[in-house]
Amino acid sequence: MLNSIKNKKTVGITGASGALGKELTKLFRQKGYKVIGFTHSKSDYEINLESPNEWVKWECGKESALKNHLKKIDILILNHGIYNLSRENSNYENSIEINALSKFKFLNLFEDIALTNESLIKKEIWINTSEAEILPALNPSYEISKSLIGQLVSFKKYFQNKDTKEKLIIKKIILGPFKSELNPIGIMSPKFVSKKIYDLINSKNYLIIISPNPISYLLFPLKEFFTFLYCQIIYKYKS
């Protein structure tokens with residue numbers, strides 16, 4: 001895996017203007033990669049040694065418009081999201097749309113691109129979910145959206161057929177609380193998290209956990225194991 005990652009040239013990062021996105025961008029630029037940063041912000045962004053080589057503005061619901069940009073990417077990191085404490089119904093809709101459905105659309109779109117990719121190098125997609133997938137985050141809309149994307153990614157992974165596995169590598173990143181504008185009291189620093197992501201992603205593991213909470217290292221592998229068994233049962237039943 002390490003050698004295959006080093007051979008790749010272009011990384012796409014959603015949420016590139018956020019705290020973690022900025023640190024991931026810096027790290028990959030330092031390692032010699034070209035970085036394409038995807039952002040919702042309407043502001044103009046400078047291009048410098050610590051920024052993405054290229055900025056792309058996009059909107060949730062219009063992921064398909066990014067197809068030409070995604071074709072240029074070898075590793076796509078889905079890192080965008082919101083954490084809104086509002087109790088209004090619209091907050092639940094926005095959280096589900098941005099944190100879950102948007103990422104799933106990216107995943108499906110990138111899978112389609114990978115399947116038609118003529119290069120011998122596999123494409124990779126790394127999806128940043130959260131401990132809130134199964135642990136409390138004191139925010140119901142956030143927990144629901146993270147639980148949804150977590151399940152969708154697991155089902156997508158375990159239902160991959162042979163052809164898809166040969167073309168696309170899927171990795172799920174489970175992050176504990178890190179400091180950002182969304183979470184100013186986060187325990188881990190974005191710089192620490194970005195480095196751990198880069199270091200651990202070189203492993204062959206599908207599940208990457210970065211958290212100060214030891215319970216996460218027990219609960220998430222168990223959850224994935226039972227999801228895998230469930231998918232195997234369904235697959236055999238349908239066969």
Checklist entry - Among all residues two or more places apart in sequence or in another chain, which pass the salt bridge (Lys or Arg N to Asp or Glu O under 4.0 Å) test with K72? => result E54
Next on the checklist: E93: which residues meet the salt bridge (Lys or Arg N to Asp or Glu O under 4.0 Å) condition with it, sequence neighbours left out?
Outcome noted: none
Next on the checklist: Show every salt bridge (Lys or Arg N to Asp or Glu O under 4.0 Å) that has at least one partner inside residues 130-139, sequence neighbours left out.
Outcome noted: E133-K172, E133-K223
Next on the checklist: With salt bridge (Lys or Arg N to Asp or Glu O under 4.0 Å) as the rule and sequence neighbours excluded, what pairs involving residues 14-25 come up?
Outcome noted: E23-K26
Checklist entry - With a 4.5 Å heavy-atom cut-off, do P221 and L207 have their side chains touching? => result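 They are in side-chain contact.
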Checklist entry - With a 4.5 Å heavy-atom cut-off, do C231 and F155 have their side chains touching? => result yes
Item to check | Ionic contact status for E97 with K103, cut-off 4.0 Å | outcome: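 Between E97 and K103 there is no salt bridge, as every charged N stays at least 4.0 Å from the carboxylate O atoms.
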Item to check | Set of side chain to side chain donor-acceptor pair (under 3.5 Å) partners for N161, sequence neighbours left out | outcome: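 By the side chain to side chain donor-acceptor pair (under 3.5 Å) rule, N161 matches T164.
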Checklist entry - Which residues pass the side chain to side chain donor-acceptor pair (under 3.5 Å) test with S17, sequence neighbours left out? => result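 Once residues adjacent in sequence are excluded, the partners of S17 under the side chain to side chain donor-acceptor pair (under 3.5 Å) criterion are T39.
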Checklist entry - Would you say I77 and V35 are hydrophobically clustered, going by side-chain heavy atoms of ILVMFWY under 4.5 Å? => result yes
Next on the checklist: I'd like to know if the side chain of K167 reaches the main chain of N117, judged simply by a donor and an acceptor atom lying under 3.5 Å from each other, with no hydrogens or angles considered.
Outcome noted: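 Present.
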Item to check | Any residue meeting side-chain contact (heavy atoms from CB on, under 4.5 Å) with I170, in chain and number order, not counting sequence neighbours | outcome: L107, I125, I127, V153, K156, K157, Q160, L168, Y206
Item to check | By side-chain contact (heavy atoms from CB on, under 4.5 Å) - contacts of I197 (at least two apart) | outcome: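 Listed in chain order: L20, L24, W126, I173, L175, V193, I210.
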Checklist entry - Between CG of D74 and NZ of K123, what distance do you get to the nearest 0.5 Å? => result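 Rounded to the nearest 0.5 Å, the CG-NZ separation comes out at 5.0 Å.
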What residues, two or more places apart in sequence or in another chain, satisfy ring-ring contact (aromatic ring centres under 6.0 Å, His included) together with [X]?
X	value
F228	Y158
F104	none
Y83	Y142

Validation: residues 58-69 side-chain donor-acceptor distances under 3.5 Å, sequence neighbours left out:
from, atom 1, to, atom 2, distance (Å)
E63, OE1, G61, N, 3.1
E63, OE2, G61, N, 3.0
E63, OE2, S102, OG, 2.8

